[in-house]
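To start, the structure itself, in structure tokens.
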Protein chains: 2
Amino acid sequence: MATIRDVAKLAGVSVATVSRVLNQNGYVNEETEKRVRQAMKELNYKPSEVARALFKKTSKTIGLIVPDITNPFFPELVRAVEDVMNIYDYTVILCNSDEKTDKEKEYIEVLKQKYVDGIILTTNQLQLDEVSEWDIPVVVLDRPLSRSYPSVIADNYGGARLATKHLYDTGCRKIAHIQGPPHVVNAIERFRGYRDEMMERGLWDERLIISGNYQLKQAKEAVIEALNKYDIDGIFAGNDAMAVGALKAVQQLGLRVPDDIAIIGYDGIPLTEMTTPELSTISQPIYEMGAIAARILIKKIEGKPLEKLHYVLPVELVVRQSTRKGE
Amino acid sequence: MATIRDVAKLAGVSVATVSRVLNQNGYVNEETEKRVRQAMKELNYKPSEVARALFKKTSKTIGLIVPDITNPFFPELVRAVEDVMNIYDYTVILCNSDEKTDKEKEYIEVLKQKYVDGIILTTNQLQLDEVSEWDIPVVVLDRPLSRSYPSVIADNYGGARLATKHLYDTGCRKIAHIQGPPHVVNAIERFRGYRDEMMERGLWDERLIISGNYQLKQAKEAVIEALNKYDIDGIFAGNDAMAVGALKAVQQLGLRVPDDIAIIGYDGIPLTEMTTPELSTISQPIYEMGAIAARILIKKIEGKPLEKLHYVLPVELVVRQSTRKGE
DNA sequence: ATGAAAGCGCTAACAT
DNA sequence: ATGTTAGCGCTTTCAT
């Protein structure tokens, strides 16, 4: 790899001059500039981002911490972040935290050591005070962390009400809800939406709550158990994977979807179009969430003011076969 | 952030000594070491990886270039790479190339500027001569690039024969194949396996070949068209997404899977367990592929000899409802 | 066993 | 308009 000295020597100028044309600051003669550019091309010179980072304390790199890229909700989110960051010449270090506080903290340390310019964080675990020590721009994505950091989330409460109401509108009255893990804020919000909607309609019944952990298998078993005990004609699953679990449970018991039991999921991942019947769901603007978070982070990095600190994006009801009775 | 000078000052020693305890090289008095460690702790000192990288020309970072993390085949691969790299204290920069040569080249330039220690590459596009210029360790993953780079792939040819034979064994005789994109080496290998198996059994018929591009929708339409024209009793899809497309096509035409038409996919992604009926597939050891590629890369980076240059991992037939007739 | 000094490749005053 | 110099935070000779 050629260095700036090589270029300077070949062009017969000082290193400073090369730096000037490189960064387009300061004055440099047109003639000289040409020679320098020529030399750079000849040597195929690319400045060392590392040396730059050392001097400027900025690396054109950000960290993106997600629980698990293997969870089908995250690939699109990650892709969005990468796409936007790419436009602004940033590079993305991907970190899987498995929702473990320790791993998150370790990653954050490492990221800081590498002079990343900012971090996008998808987490529930970290406490406010732990976060506030970081002297580095942070944006919180998908799950609200605290009031003090910019955040991008979707309207979980509203989406849950929408889902519940939709089941009601299709004629369901005994609507069960498969909850997500109790420590995940999103899951709690969705539960609240379900509860309020049910209460307002006088349909609330604690026995209709099924405990889930966002996983297909566990949800399937829990639903089988619930269906054997209680009378249920609709299921609102806390995410799409659990909706598939519910679907499999219902089918295994020889019941029909949607005619005996209607099912709606949450998230709107591609998977929902691949089942038979296809699943109704509350679709989150996943790509947009990632893209907005990335844009906000860049603004913070560049020290520009944010129009808004907290973004709550609208969700959308997607009606498919699993809630379309009698078709 | 505290620097090494701060630590040295606080401990009352020279910078060199701090560096020595940091890297555990050279001799340092036990007493002194204690004082230094104490000072490091007090200041919560973490060495700057950037300064280190500048000196050592190594950054404890690798680049991972995949076509599109949104394609459900890749999250697990990425996760595996990250997991292994994490053990060895490497960090992973994720790059989505969309299979575009330009994007790949740009990323490689950027990665080199950042002094990444190595690159794991999933691609078909780059030519041998373009690659060979890179003065940096490279491992090729999932798709063979050239003989000169270490590679980790699965046995696509053998898997395709296995899939075809399985359909034959379940009684299918008019077995169609949905091909993947013609420029993807994997897809070609799978096609070859299918062709050879069909020929050996005297079942070969060019009209049974359906063109696909690894996408669900396109495959679905192509299958509908094919089913309307020809008599088909089994479908071997070049990947799982297209198998879902085939499933939907068959169901839409009012035919039964597997009794009228048996279907088998390829890859073994989780999705195959979520459809109804669940899909038979050729399962690739995705996680293992990623993990091995990561281990190889580390060996290359550390200058250790490789036991093997090219890894071809075995695949496995997974039989599910979509090929289990009469149950 | 420890310190002093040079240098990794770049940028930004300051000088000319 | 260009060159000289110091320094980002670290590691590694070379002295002592």
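Fair warning: this is a prediction, and the values are worked out from it, not measured in the lab. Hydrogens, waters and symmetry mates play no part in the numbers below; they use all other heavy atoms, side chains included.
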- Query: Which pair of heavy atoms, one from A:T3 and one from A:Y45, lies closest together, and at what distance?
  - Reply: C-CE1, 3.5 Å
- Determine: side-chain N/O of A:T17 to OP1/OP2 of D:dA1, distance under 4.0 Å, yes or no. no
- Task: Only one of B:N71, B:D68, B:T70 passes side chain to side chain donor-acceptor pair (under 3.5 Å) with A:R79; say which it is.
- Result: B:D68
- Is there a donor in the side chain of A:K114 and an acceptor in the side chain of B:T61, or the other way round, less than 3.5 Å apart? yes
- Query: Side-chain donor-acceptor pair under 3.5 Å between B:T122 and B:D142, yes or no?
  - Reply: no
- Take atom CD of A:E31 and atom C1' of D:dT2, then tell me their distance rounded to the nearest Å. 15 Å
- Item | Value in whole Å for how far the P atom of C:dT11 lies from CD of A:Q24 | 12 Å
- Answer yes when B:E49 and B:K56 have at least one side-chain N-carboxylate O distance shorter than 4.0 Å, and no when they do not. no
- Rounded off to whole Å, could you give me the CD-to-C1' distance for the A:E33 and D:dT2 pair? 14 Å
- Query: Just to confirm, is there a sub-4.0 Å distance from OP1 or OP2 of D:dA1 to any side-chain nitrogen or oxygen of A:T32?
  - Reply: no
- Could you tell me whether the side chains of A:E42 and A:Q38 share a donor-acceptor contact shorter than 3.5 Å? yes
- How does protein reach along nucleotides 6-16 of chain D, written 5' to 3' as B (base within reach of a heavy atom under 4.0 Å), S (only sugar-phosphate), or - (no contact)? -BBBSBB----
